Amino acid sequence: MEPKVSLNFVEEIVEKDLESGKHASIHTRFPPEPNGFLHIGHASSLCLNFGLKTKYNGKCNLRFDDTNPSTEETRYVEAIKKDIEWLGFEWDNEFYASDYFDQLYDWAVVLIKKGLAYVDDSTAEEIAEQKGTPTKPGTGNEYRNRSIEENLDLFKKMKDGVFDNGAKVLRAKIDMAAPNMLMRDPLIYRIKKEKHHRTGDKWNIYPMYDFAHGQSDSIENITHSICTLEFENHRPLYNWFIEKLGIFPSRQIEFARRNLSHTVMSKRKLLQLVNEGHVSGWDDPRMPTISGYRRRGYTANSIKNFANDIGIARRENIIDVSRLEFSARQDLNKVSTRVMAVLDPLKVVITNYPKGEMEWVELENNPEDERKTAHRMPFSGELYIEKADFMKDPPKKFFRLGPGRMSRLKAGYIIRCDGFEEDENGNVTQLNCTYFPESKSGQDTSGLKAKGVLHWVSIEHAKTAEVRLYDRLFADENPLGHEGKDFKEFINPDSLKVIEKAYIEPYLTNAIEGQHFQFLRMGYFTLDPDTTEDNLVFNRTVTLRDSWAKAKGK
RNA sequence: UGACCCAUGGUGUAAUUGGUAACACAGCAGUUUUUGGUUCUGCCAUUCUAGGUUCAAGUCCUAGUGGGUCAACCA
């Protein structure tokens with residue numbers, strides 16, 4: 001049976017264009033500006049553009065939209081490429097808008113010669129003033145009537161560096177009274193005597209987005225140029241340039257940017273979080289960046305599945321982070337190795353276990369894996385379990401240890417709590433238990449039934465590690481949704497909790513970066529690059545679903 | 001007092017393009033389980049409002065309401 005999958009609105013357009021013969025094949029592009037790191041919103045664009053390429057056997061370029069030298073850097077280019085590769089996308093060509101600066105300049109000259117562009121000496125303030133408002137038409141100025149010759153001369157001088165920054169701009173001559181403000185003689189070139197990360201000092205003028213993006217699309221014969229909704233009002237201008245220049249008619253298609261709850265997504269705001277030290281960097285595991293998620297332990301598949309599952313449309317949206325977390329758990333459940341680690345230790349002494357003895361028990365690596373492999377871990381008479389797994393006076397629904405109660409130690413034995421010790425404040429410091437030798441995991445003949453199953457480590461054999469627990473960066477679901485309040489007011493002060501000394505089974509000392517683990521009953525974890533020879537650092541990617549915590553909260 | 005766009009369960013996306021609301025997440029209740037994980041099952045919407053066209057409207061038309069984008073020498 002063919003699974004019936006409906007097309008999204010972009011695929012519908014593509015299929016129509018292919019069927020009608022408008023295009024023999026399609027060509028898309030992913031066009032980041034190298035002024036920051038890629039975030040999860042970009043994953044949607046990536047999946048869309050590269051997904052179209054794969055599905056319709058077309059091509060997809062990677063094009064850096066580098067027309068503003070003041071914000072762009074080579075390190076961002078490198079980071080962006082690394083993220084795309086990590087996600088597993090392969091671009092057909094790597095291009096830069098700056099590759100086209102000469103062509104763009106020539107096209108600007110063409111517009112001037114056609115009387116469709118002019119040099120304006122007004123200040124930014126004057127231009128804004130003359131532009132009018134959405135409800136008030138703009139007015140022209142005397143520069144609008146400059147002769148073609150004068151414009152040609154002035155524009156060349158702008159290029160040659162005769163004028164200072166801001167002294168002059170080149171504008172398209174369209175309609176100062178247009179209802180669409182973007183058509184009110186938009187700026188297409190500005191003077192910027194700045195070093196460009198690729199062209200160096202060659203240029204004194206740089207094209208604006210509107211005079212670079214669509215033109216780059218045309219140069220590359222992009223058939224479907226997909227961007228976000230905020231460029232919708234630019235489309236008439238996009239088409240105007242294509243028409244006036246008579247170049248390849250790429251088609252711009254807009255979709256709604258994906259928003260995630262409990263975070264912010266714009267590069268500008270993410271940059272603020274980085275610069276003001278609210279996070280450790282673009283790849284801080286709490287950041288919604290691709291590199292942040294990678295460091296946190298998300299798999300490339302979980303991110304792509306998420307992007308594909310939420311789909312695309314043209315309406316505003318805020319996607320619940322739990323949808324992303326579901327994606328992470330779904331993939332991690334299949335690929336992560338089960339290990340034991342105790343984050344908040346409580347000592348357990350097994351009083352009837354032979355003093356000084358130990359034995360190896362086998363822990364299944366992954367119950368979801370057909371291969372049924374396992375690794376060994378040491379068991380002994382003195383263990384750590386999680387503090388939360390014991391209660392002095394447990395309610396009936398509590399399936400773990402309490403005075404007189406039994407639990408199974410995962411992969412080990414069933415134990416019974418005979419008593420506990422506490423300090424002067426009533427804090428439990430030690431459990432005294434007996435174990436049942438005939439209840440050993442896999443060869444249990446005891447006939448005993450224990451409802452709870454606990455994770456543990458042998459005190460003598462355990463290693464230690466630093467463990468970082470993350471929570472959502474913003475306490476509020478929509479930090480941007482409060483008028484008059486800065487989004488940073490909603491930063492969650494408890495978004496990072498560090499456990500300096502967690503106890504881990506020795507097997508974990510072999511962990512390598514990029515490997516995924518499930519700390520049994522605690523969540524999914526991965527090694528952080530901060531790890532050194534004598535200090536292992538683990539990041540919690542996401543917790544396990546915890547229906548007990550929910551039940552308890554009621 | 002403008003132009004353009006959008007409106008389907010708590011959330012996201014669908015609906016053979018006019019044929020009687022689907023899938024997933026979240027939530028709730030069970031099931032399975034040597035992870036309170038996993039699995040499996042059940043429950044959870046008269047499609048913003050009001051008119052209209054039609055045998056038939058979430059899909060088309062009109063009006064209204066609500067929301068978004070645009071007045072950067074950013075992209």
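So that the names make sense, note that chain A is the first sequence line, chain B the second, and so on, each numbered from 1. Here the structure is a predicted model, which means the values were calculated and not measured.
With a 6.0 Å cutoff to the six-membered ring centre and a 45° limit on the axis angle, Lys168(A) counts as a cation-pi contact of Phe163(A).
The separation between Asn239(A) atom CG and rA3(B) atom C1' is 16 Å, rounded to whole Å. Between His455(A) atom NE2 and rG36(B) atom C1' the separation is 13 Å, expressed in whole Å. Between the NZ atom of Lys397(A) and the C1' atom of rG36(B) there is a distance of 11 Å, rounded to whole Å. Summarising the geometry, the separation between CD on Gln330(A) and P on rU39(B) is reported as 8 Å, rounded to the nearest angstrom. Protein atom CD of Glu362(A) is 18 Å distant from nucleotide atom P of rU34(B), rounded to whole Å. Note: OH (Tyr413(A)) to P (rU34(B)) measures 19 Å, nearest angstrom. Note: CD1 (Ile385(A)) to P (rU35(B)) measures 17 Å, nearest angstrom. We find that CZ of Phe9(A) is positioned 16 Å from P of rG12(B), with the value rounded to whole Å.
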Query raised in the report: Between Arg338(A) and Glu364(A), does a salt bridge (Lys or Arg N to Asp or Glu O under 4.0 Å) hold up when you go through it step by step?
Result: CA-CA 7 Å; Arg338(A) 270 59 172 175; Glu364(A) 200 176 11; over 6 Å; no
Requested in this report: List the steps and the verdict of ring-ring contact (aromatic ring centres under 6.0 Å, His included) for Phe241(A) and Phe211(A).
Outcome: CA-CA 8 Å; Phe241(A) 286 126; Phe211(A) 198 68; 5.1 Å; yes
Requested in this report: Could you go through the side chain to side chain contact (heavy atoms under 4.5 Å, CB included) check for Val14(A) and Lys55(A) one step at a time?
Outcome: CA-CA 11 Å; Val14(A) 166; Lys55(A) 184 165 183 178; over 6 Å; no
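Of the two residues near RNA chain B, Phe326(A) and Arg400(A), the one whose nearest nucleotide lies more 5' is Phe326(A). Judged by closest nucleotide on RNA chain B, Glu12(A) is the one of Glu12(A) and Thr133(A) placed further toward the 5' end.
Among the heavy atoms of the strands, none lies under 4.0 Å from Ser336(A). Using a 4.0 Å heavy-atom distance criterion, Ser547(A) is classed as a sugar-phosphate-only contact. In this structure, Met522(A) reaches neither bases nor backbone, as no heavy-atom distance under 4.0 Å exists between it and the strands shown. Residue Gly138(A) is classed as having no contact, given no heavy-atom separation below 4.0 Å to the nucleic acid. At a threshold of 4.0 angstrom between heavy atoms, the contacts of Ile319(A) are confined to the sugar-phosphate backbone, with no base atom among them. Within the nucleic acid shown, Ala256(A) has no heavy atom closer than 4.0 Å to any nucleic acid atom.
Taking every heavy atom of residues 301-317 of chain A and every atom of RNA chain B, pairs under 4.0 Å involve Ile310(A), Ile312(A), Ala313(A), Arg314(A), Arg315(A), Glu316(A), Asn317(A), by number.
In the set rA15(B), rC25(B), rA3(B), rA15(B) carries the atom at the smallest distance from any side-chain atom of Ser6(A). Checking rA75(B), rC25(B), rC74(B) against every side-chain atom of Lys192(A), the shortest atom distance belongs to rC74(B). Of the candidates rU35(B), rA75(B), rC70(B), rC70(B) carries the atom nearest the Met181(A) side chain, counting heavy atoms from C-beta on. The side chain of Val453(A) lies closest to rU34(B), out of rG37(B), rU34(B), rU11(B). Each of rU34(B), rA75(B), rC28(B) was ranked by its minimum atom distance to the side chain of Asp65(A); first place goes to rA75(B). Listed candidates were rC5(B), rG36(B), rU11(B). Nearest to the side chain of Glu232(A) is rC5(B). For Leu182(A), the side-chain atoms get nearest to rC70(B) when compared with the rest of rC5(B), rC70(B), rG27(B). Ranking rA3(B), rG37(B), rC25(B) by closeness to the Pro179(A) side chain, first place goes to rA3(B). Here rA71(B) is the nucleotide among rA75(B), rG2(B), rA71(B) with the atom lying nearest to any side-chain atom of Lys131(A). Between rA71(B), rC74(B), rG37(B), one nucleotide has an atom nearer to the side chain of Glu33(A) than all others, and that is rC74(B).
A donor N or O paired with an acceptor N or O is found under 3.5 Å between the base of rU69(B) and the side-chain atoms of Asn233(A). Residue side chain Gln518(A) reaches the base of rU35(B) through a donor-acceptor N/O pair under 3.5 Å, judged by distance alone. Side-chain atoms of Arg545(A) stay outside donor-acceptor range of the base of rU38(B), with no qualifying N/O pair under 3.5 Å.
With a 6.0 Å radius and a threshold of 12 heavy atoms from other residues, nucleotides or ligands, Lys449(A) has its NZ atom at or below the threshold.
Residue Lys136(A) places none of its side-chain N or O atoms closer than 4.0 Å to OP1 or OP2 of rU1(B). Checking the phosphate oxygens (OP1, OP2) of rG36(B), no side-chain nitrogen or oxygen of Arg408(A) falls inside 4.0 Å. A sub-4.0 Å separation between OP1 or OP2 of rU35(B) and a side-chain N or O of Arg338(A) is absent. At the phosphate of rA75(B), neither OP1 nor OP2 sits under 4.0 Å from any side-chain N or O atom of Arg268(A).
For the C1' atoms, the distance from rA14(B) to rA7(B) is 16 Å, rounded to whole Å.
Looking at every heavy atom in both residues, Lys440(A) comes nearest to Arg408(A) through C-NH1, 4.2 Å. Between Ile188(A) and Ala117(A), the shortest heavy-atom distance links the atoms CD1-CB, 4.4 Å. Across all non-hydrogen atoms, the minimal contact from Leu383(A) to Ser458(A) is CD2-CA, 3.7 Å.
Taking a pair as Watson-Crick or G-U wobble with both distances under 3.5 Å, the runs of three or more consecutive pairs in RNA chain B are B:2-7 with B:65-70, B:10-13 with B:22-25, B:27-30 with B:40-43, B:48-52 with B:60-64.
Remark: the backbone N or O of Arg315(A) is paired with a side-chain donor or acceptor of Asn317(A) at under 3.5 angstrom.
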Can you list, pair by pair, the side-chain donor-acceptor contacts under 3.5 Å of residues 305-312 of chain A, counting residues two or more places apart and other chains?
unit_1    : atom_1 : unit_2    : atom_2 : d
Asn305(A) : ND2    : Asn301(A) : O      : 3.2
Asn308(A) : ND2    : Lys304(A) : O      : 3.2
Asp309(A) : OD2    : Arg323(A) : NH2    : 3.1

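His213(A) and Gln252(A) form no side-chain donor-acceptor contact under 3.5 Å, judged by distance and modelled atom types alone. Looking only at atom types and distance, the side chain of Asn141(A) has a donor-acceptor partner in the side chain of Ser122(A) under 3.5 Å away. A donor atom on one side chain and an acceptor atom on the other are not found under 3.5 Å apart for Thr263(A) and Arg472(A).
rU17(B) has its base syn relative to the sugar, with a glycosidic angle deviating from 0 by at most 90°.
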